[in-house]
Amino acid sequence: MNSSDYLHRADWWSPLDDVTKRVKCTLCPHQCIIAPDHYGRCKVRKNSDGILYSVSYGRPVALHVDPVEKKPLYHFYPGESVYSIGTMGCNLSCDFCQNWTISQAGYDKIPSSETYSPEDIVRLTGEAGLRLIAFTYNEPTVYAEYMRDIARIAVEKGMKTISVTNGYVSADIIPELYENVHAFNIDLKAFSDSFYRKYTGASFSEILETIKTIHTLKKHLEITTLIIPGLNDSREELRHAFEWILQNTGELTPLHLSAFYPGYKRQYHAPTSPETLVKARELALDIGLKYVYIGNVSGVDNSTYCPDCHARIINRHSYRIQVEQERVCSCGRLIDIVNPGK
Ligand code: SF4
């Protein structure tokens, strides 16, 4: 079978007219208008004879078992492993993408052979002895129908699901799309519209709306900012971002500040120094955020401490963790972690 022949009828689109058979995809703010035999910007949603199809449905290109800390989620089922899936394609085109081999590929790179139904994914998760499924590696929004169907079946089996997302999704479909998704790590790649437009191909305000909506829906939320030297690391910009998080999702929102490494179209850009990340963390803590972590570098303290008495709650070394205070800190404060276990 030719890879582009595998089609699953999409939701979230509308026909434009009977003559040209163009359609409009309404899944993300790009709102692509797609002519017959063409694809949207994400390269995995195709107009075939006036009908929009998802060509990545059932066709993951990455299936791995990871620590949940690798997503990264530090306050959601710490220490557990998560069945992680990704497909091809993305609705952003970040020139600094750290996962570009799959995110920037499209329909023409999808292997033609194996398919996995949503039931298969849930079954494989159970057979691995796991109860968490993550939609990750590339942008889950571009395979929205597949994610939604896996999550629905997973919830029926008592599992929890996770979306690691860039947040660029149409606001009005978020409650429906994410009904059965419990936890999110959303990128806040910068705090300016000019950055988003220049380096990601997206606009900025929709990202903030998604973060606020997920918080309002009372989903578990963590935020990641990839700090790129010279592009988004000014003290002023970081201050604005941290203050926005504080005011809109609250002081308890876990924030991950990650190091950039050269790749994709930024092969010659300097990586982020640990000192830059440490200073950014100090700024975030000074502004009032309680849980700020550093990602992609070693040799930093990434343990979780009680905001009240500063007792260590989770001792964390890379992806190895030890829970030291369970559910209630020794000072009496309830711990801000979903299912801390021990
Ligand atoms: S999901 Fe893809 S096809 Fe749909 S609007 Fe976004 S980029 Fe365009």
Side-chain angles (χ1 to χ4, degrees), residues 3-17 20-61 85-95 97 99-110 135-151 163-179 181 184 186-187 189 193 196-211 213-214 264:
S3 61
S4 60
D5 289 342
Y6 186 89
L7 302 173
H8 178 96
R9 187 172 174 133
D11 298 317
W12 302 298
W13 63 280
S14 57
L16 287 184
D17 62 77
T20 66
K21 294 192 173 178
R22 293 179 309 156
V23 302
K24 179 161 89 168
C25 178
T26 55
L27 186 53
C28 90
H30 285 313
Q31 303 277 299
C32 295
I33 293 174
I34 309 169
D37 295 325
H38 285 73
Y39 292 76
R41 289 173 64 148
C42 57
K43 304 190 189 97
V44 288
R45 299 175 78 77
K46 179 184 184 185
N47 179 347
S48 181
D49 199 27
I51 307 286
L52 188 67
Y53 292 91
S54 164
V55 304
S56 52
Y57 191 105
R59 319 201 78 196
V61 295
I85 84 165
T87 69
M88 292 289 193
C90 186
N91 52 352
L92 269 57
S93 51
C94 308
D95 70 1
C97 183
N99 221 3
W100 63 275
T101 52
I102 62 170
S103 75
Q104 298 306 310
Y107 58 91
D108 54 336
K109 297 287 193 304
I110 294 176
F135 309 106
T136 178
Y137 306 131
N138 72 321
E139 173 51 42
T141 295
V142 304
Y143 59 94
E145 295 84 1
Y146 191 37
M147 172 176 64
R148 176 203 56 195
D149 292 352
I150 293 170
S163 175
V164 181
T165 173
N166 60 35
Y168 203 59
V169 59
S170 297
D172 57 333
I173 71 166
I174 288 177
E176 177 191 2
L177 176 60
Y178 288 133
E179 180 182 0
V181 178
F184 292 78
I186 304 181
D187 285 341
K189 295 177 188 289
D193 192 58
Y196 266 89
R197 288 185 188 277
K198 185 170 181 183
Y199 300 115
T200 78
S203 51
F204 177 48
S205 61
E206 290 88 349
I207 311 291
L208 299 183
E209 281 309 306
T210 298
I211 293 173
T213 303
I214 294 299
Y264 193 35

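Counting starts at 1 for both ligands and their atoms, following the listed order.
The Gln31 neighbourhood of ligand 1 comprises atoms 5 (S), with distances under 4.0 Å to a heavy atom of that residue. Atoms of ligand 1 found under 4.0 Å from any heavy atom of Cys42 (numbered from 1 in listed order, with element): 1 (S), 2 (Fe), 3 (S), 7 (S). Of all the atoms in ligand 1, the ones that sit under 4.0 Å from a non-hydrogen atom of Gly40 are 3 (S).
Of all protein heavy atoms, the one closest to atom 6 (Fe) of ligand 1 is Cys28 SG, 2.3 Å. Looking only at protein heavy atoms, the nearest one to atom 1 (S) of ligand 1 is Arg45 CD, 3.7 Å.
Using modelled atom types, no side-chain atom of Asn138 and backbone atom of Ile102 make a donor-acceptor pair closer than 3.5 Å. Proximity of a side-chain donor or acceptor of Arg41 to a complementary backbone N or O of Gly201 within less than 3.5 Å is detected. A donor-acceptor pair is defined here as one N or O able to donate and one able to accept, closer than 3.5 Å; no such pair exists between the side chain of Thr200 and the backbone of Cys94.
Here Cys32 reaches atom 8 (Fe) of ligand 1: one of its N/O/S atoms is less than 2.8 Å from the metal. In summary, no N, O or S atom of Cys25 is located under 2.8 Å from atom 2 (Fe) of ligand 1.
Between the side chains of Asn91 and Glu139, not a single donor N or O lies within less than 3.5 Å of an accepting N or O. Using modelled atom types and a 3.5 Å distance limit, the side chains of Ser103 and Tyr137 yield no donor-acceptor pair.
Using bins of under 30°, 30° to 60° and over 60° for the plane-to-plane angle, the ring pair His30/Tyr168 lands in the perpendicular bin.
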